[in-house]
Amino acid sequence: MPINKNKIKYLIVDGKNAKLDHYYLRKFIGKFKKVTASRFSNIISYKLNCPYTSEFKSWLEIVGIWSEPPAPVFNNVGNYIEPIVRESACKHFNINWQAWNNKDIRWDAFKDNKIFGGIPDGEPVDEKGVIDYSTNLPILEIKTMSVDTLAYEDDGNSLTMKLDEMGFPQILEREAKYKSLIVNNTINIPLAYKLQLGLYMYLRNTDNGIFAITLLEVEDYKHPEYYSTDERKIYYVWQFIDRKYFKTLIEYVEDWYMKYVKNGIAPPLTDDDLKWLDRETKKTMWNIEDDQ
């Protein structure tokens, strides 16, 4: 999605430094977004020098100048398949995991936290429907992943999935993702996913987390309403975190948020950030001209 054409004018760029206009900062600071699991993993992954990460883009998203909503095909997959996976996980572990109604909680299950937010895929509840971690039950994270390696467009600091004319993912190599993910019938969890679940585990003060991962075929993207656990296997992978170490990651992001978000000053831009910003800004200008 292009940069917000009504807000880009409030971004002041000077070389590899950028900041928000004082007017924009004063007016919108109360509406800046929180650090969700995906933003948390991106910021930490950048700190760990992982490829295709950009803390600048996370900052732009938090301050409301840029956003990248998922393609409709992935929304459909989530709406149809995730409830089925959750129900299957509940039966498998005999745990009642609750899914939040996003609108009811206004897309944030951590209202009391001023910096971190988001919505876990499943939280254990008691017989009254109240969240209950008293017995250290695990928090649930659902992941739908393709068995195939999908085609992406490389813009330097991120990858954008290529979609065909019908809006479905383009396949680069059949079953290649499955072969790289599965070792001895166990899935190798990507670091980004571990960080995402780890954040929710830390915020809920629970030592246990479970991934429920299902690998999808092409037809699942085209017709997610036909997805069945009789035909698709669900892999369950436990996760445990070192809370002492994870606290250092939390504190790093807290400091990052106060330094960059609250002050309206962007983290230093990389060369790839500058190239991406120039390209996205041009797209925005073209859209403005089209509207006139």
Novice: What are the two closest heavy atoms between R39 and E61, and how far apart are they?
Specialist: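 Nearest heavy atoms, R39 then E61: NE-OE1, 3.4 Å.
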Novice: Transitively linked via ILVMFWY side-chain contacts under 4.5 Å: I105 with V130?
Specialist: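 Result: no, two separate clusters.
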Novice: Which atoms form the tightest heavy-atom contact between Y236 and A212, and what is the distance?
Specialist: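 That would be CE2-CB, 3.8 Å.
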Novice: Grab the two heavy atoms, one from I139 and one from R204, that are nearest each other, plus how far apart they are.
Specialist: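 Smallest heavy-atom distance, with atoms named: CD1-CG, 4.2 Å.
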Novice: Give the C-alpha distance, both sets of side-chain angles, the deciding distance and a yes or no for side-chain contact (heavy atoms from CB on, under 4.5 Å) between L215 and I182.
Specialist: CA-CA 11 Å; L215 300 181; I182 306 297; 4.3 Å; yes
Novice: Donor-acceptor check, side chain of N113 to backbone of G117, threshold 3.5 angstrom: yes or no?
Specialist: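 Side chain of N113 to backbone of G117, a donor-acceptor pair under 3.5 Å: no, none is there.
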Novice: Do any N or O atoms from the side chain of T206 and from the backbone of L137 form a donor-acceptor pair under 3.5 angstrom?
Specialist: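 The answer is yes, because a donor-acceptor pair under 3.5 Å joins these two groups.
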Novice: What I want to check is whether the side chains of Y133 and E123 have a donor and an acceptor closer together than 3.5 Å.
Specialist: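 Note: Y133 and E123 side chains meet the donor-acceptor criterion.
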Novice: Tell me whether D220 contacts the main-chain N or O of E217 through its side chain, where contact means a donor paired with an acceptor under 3.5 Å.
Specialist: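 Answer holds: yes.
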Novice: Run the numbers on I171 and T149 for side-chain contact (heavy atoms from CB on, under 4.5 Å), then give the verdict.
Specialist: CA-CA 6 Å; I171 296 174; T149 296; over 6 Å; no
Novice: Say you draw a straight line from CG of L274 to CG of L269; how long is it, rounded to the nearest 0.5 Å?
Specialist: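 L274 CG to L269 CG: 5.0 Å, rounded to 0.5 Å.
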Novice: Has R232 got its NZ or CZ under 6.0 Å from the middle of the six-membered ring of Y227, at an angle within 45 degrees of the ring axis?
Specialist: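 Pair R232/Y227 does not count as cation-pi.
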Novice: Count the heavy atoms belonging to other residues, nucleotides or ligands that lie under 6.0 Å from CG of D14, then report whether that count exceeds 12.
Specialist: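 Counting other residues, nucleotides and ligands, CG of D14 stays at 12 neighbours or fewer.
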Novice: Side chain to side chain contact (heavy atoms under 4.5 Å, CB included) with L11: which of L60, T281, D21?
Specialist: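 Exactly one option meets the side chain to side chain contact (heavy atoms under 4.5 Å, CB included) with L11, and it is L60.
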Novice: Can you find a pair of side-chain heavy atoms, one from S88 and one from C90, that are under 4.5 Å apart?
Specialist: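 Not in contact.
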Novice: Quick one, Y221 and F74 - any side-chain contact, counting heavy atoms below 4.5 Å?
Specialist: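 Yes, their side chains come closer than 4.5 Å.
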Novice: On the 0 to 90° scale, with breaks at 30° and 60°, tag the Y200-F110 ring pair as parallel, tilted or perpendicular.
Specialist: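 It falls in the parallel class, under 30°.
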Novice: Measuring from L195:CG to L249:CG, what's the distance to the nearest 0.5 Å?
Specialist: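 Atom-to-atom, L195:CG and L249:CG are 7.0 Å apart.
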Novice: May I ask you to check whether over 12 heavy atoms, not counting those of K111, lie within 6.0 Å of atom NZ?
Specialist: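 More than 12 heavy atoms, drawn from other residues, nucleotides or ligands, come within 6.0 Å of this atom.
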Novice: When rounded to the nearest 0.5 angstrom, what distance separates CZ in R279 from CD1 in I3?
Specialist: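 Output value for this atom pair is 10.5 Å.
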Novice: Hydrophobic cluster membership, with links at side-chain heavy-atom distances under 4.5 Å among I/L/V/M/F/W/Y: are W66 and I12 in one?
Specialist: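 W66 and I12: separate clusters.
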Novice: With the threshold set at 4.0 Å, does a side-chain nitrogen-carboxylate oxygen contact exist between E141 and K143?
Specialist: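 Yes.
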Novice: Taking Y226 as the starting point, is it possible to reach Y80 by hopping between hydrophobic residues whose side chains are less than 4.5 Å apart?
Specialist: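 Shared cluster, no.
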Novice: M145 and L181: which non-hydrogen atoms are nearest, and at how many Å?
Specialist: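 Answer, listing the atom of M145 first, then L181: CE-CD1, 3.4 Å.
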Novice: Could you tell me whether K7 sits above the aromatic face of F28, with NZ or CZ closer than 6.0 angstrom to the six-membered ring centre and within 45 degrees of the axis?
Specialist: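 Here K7 passes the 6.0 Å and 45° test against F28.
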Novice: Closest approach of A99 and R86, non-hydrogen atoms and distance?
Specialist: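 Residues A99 and R86, closest heavy atoms: CB-CZ, 3.3 Å.
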Novice: If only atom types and distance count, is the side chain of N4 paired as donor or acceptor with the main-chain N or O of I65 below 3.5 Å?
Specialist: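 Checked: no pair found.
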Novice: Regarding K34 and D108, does a basic nitrogen lie under 4.0 Å from an acidic carboxylate oxygen?
Specialist: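 Looking at D108 together with K34, the answer is yes, because their closest N to O distance falls below 4.0 Å.
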Novice: Is there a side-chain hydrogen bond (donor to acceptor under 3.5 Å, both in side chains) between E55 and W256 once you walk through the steps?
Specialist: CA-CA 10 Å; E55 59 177 351; W256 183 96; 2.8 Å; yes
Novice: Please walk me through it: do V77 and E82 pass side-chain contact (heavy atoms from CB on, under 4.5 Å)?
Specialist: CA-CA 7 Å; V77 165; E82 285 192 12; over 6 Å; no
Novice: Around K222, counting heavy atoms of other residues, nucleotides and ligands shown, do more than 12 lie under 6.0 Å from its NZ?
Specialist: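 Open: at most 12 neighbouring heavy atoms sit under 6.0 Å from NZ of K222.
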Novice: Once the angle between the rings of W97 and F93 is folded into 0 to 90°, is it parallel (under 30°), tilted (30 to 60°) or perpendicular (over 60°)?
Specialist: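 Ring orientation, 0 to 90° scale: perpendicular.
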Novice: Answer whether the closest heavy-atom distance between the side chains of T270 and Y46 falls below 4.5 Å.
Specialist: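 SC-SC contact between T270 and Y46 confirmed.
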Novice: The test is side-chain contact (heavy atoms from CB on, under 4.5 Å); show your working for V218 and F168 and say whether it passes.
Specialist: CA-CA 9 Å; V218 177; F168 299 119; over 6 Å; no
Novice: Dump the intermediate steps for side-chain hydrogen bond (donor to acceptor under 3.5 Å, both in side chains) on S134 and D132, then the final yes or no.
Specialist: CA-CA 6 Å; S134 61; D132 183 12; 2.6 Å; yes
Novice: Tell me whether Q170 contacts the main-chain N or O of L163 through its side chain, where contact means a donor paired with an acceptor under 3.5 Å.
Specialist: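 Checked: pair present.
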Novice: Which distance, rounded to the nearest 0.5 Å, do you find between the CD1 of I210 and the CD1 of I142?
Specialist: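 Reported value, rounded in 0.5 Å steps: 11.5 Å.
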Novice: Do P268 and Y260 touch side chain to side chain, with heavy atoms closer than 4.5 Å?
Specialist: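 They are in contact (side-chain heavy atoms under 4.5 Å apart), so the answer is yes.
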Novice: Determine whether F211 and L197 make a side-chain contact, defined as any pair of heavy atoms from C-beta on separated by less than 4.5 Å.
Specialist: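 F211 vs L197: side chains touch.
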Novice: For atom NE2 of H92, decide whether the heavy atoms of other residues, nucleotides or ligands shown that lie under 6.0 angstrom number more than 12.
Specialist: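 Yes, because the 6.0 Å sphere around NE2 of H92 holds more than 12 heavy atoms from other groups.
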Novice: Would you indicate whether the side-chain heavy atoms of K247 and E251 approach each other to under 4.5 Å?
Specialist: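 Yes, at least one pair of side-chain atoms sits under 4.5 Å.
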Novice: Looking at D148, is its backbone amide N or carbonyl O close enough to the side chain of S146 to form a donor-acceptor pair, meaning the two atoms are under 3.5 Å apart?
Specialist: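 Yes, the answer is positive, given that a donor and an acceptor are paired below the 3.5 Å cut-off.
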Novice: To check you understand the geometry: which heavy-atom pair defines the closest contact between F246 and L199, and what is its length?
Specialist: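 For F246 and L199, the tightest heavy-atom pair comes out as CZ-N, 3.4 Å.
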Novice: What I want to find out is whether K282 reaches D278 closely enough, with some N-O distance under 4.0 Å, to be called a salt bridge.
Specialist: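 The answer is yes: the pair qualifies as a salt bridge.
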Novice: So Y178 and I187, do their side chains get closer than 4.5 Å, heavy atoms only?
Specialist: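 Heavy-atom side-chain distance check fails, nothing below 4.5 Å.
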Novice: Hey, are K179 and E175 close enough for a salt bridge, meaning a charged N less than 4.0 Å from a carboxylate O?
Specialist: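 Salt bridge absent between K179 and E175.
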Novice: Does the side chain of V147 reach to within under 4.5 Å of the side chain of L216, using non-hydrogen atoms?
Specialist: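 Not in contact.
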Novice: Is it true that V35 and I265 fall in one hydrophobic cluster, defined by side-chain heavy atoms closer than 4.5 Å?
Specialist: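 Different clusters.
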Novice: Do V73 and L172 sit in one hydrophobic cluster, given that two such residues count as connected whenever their side-chain heavy atoms are within less than 4.5 Å of each other, even indirectly?
Specialist: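 Not linked; separate clusters.
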Novice: Could you state the interatomic distance from CG (L203) to CD1 (I250), rounded to the nearest 0.5 Å?
Specialist: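 That separation rounds to 5.5 Å.
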Novice: What's the spacing between N42 CG and Q196 CD if we round to 0.5 Å?
Specialist: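 That separation rounds to 9.5 Å.
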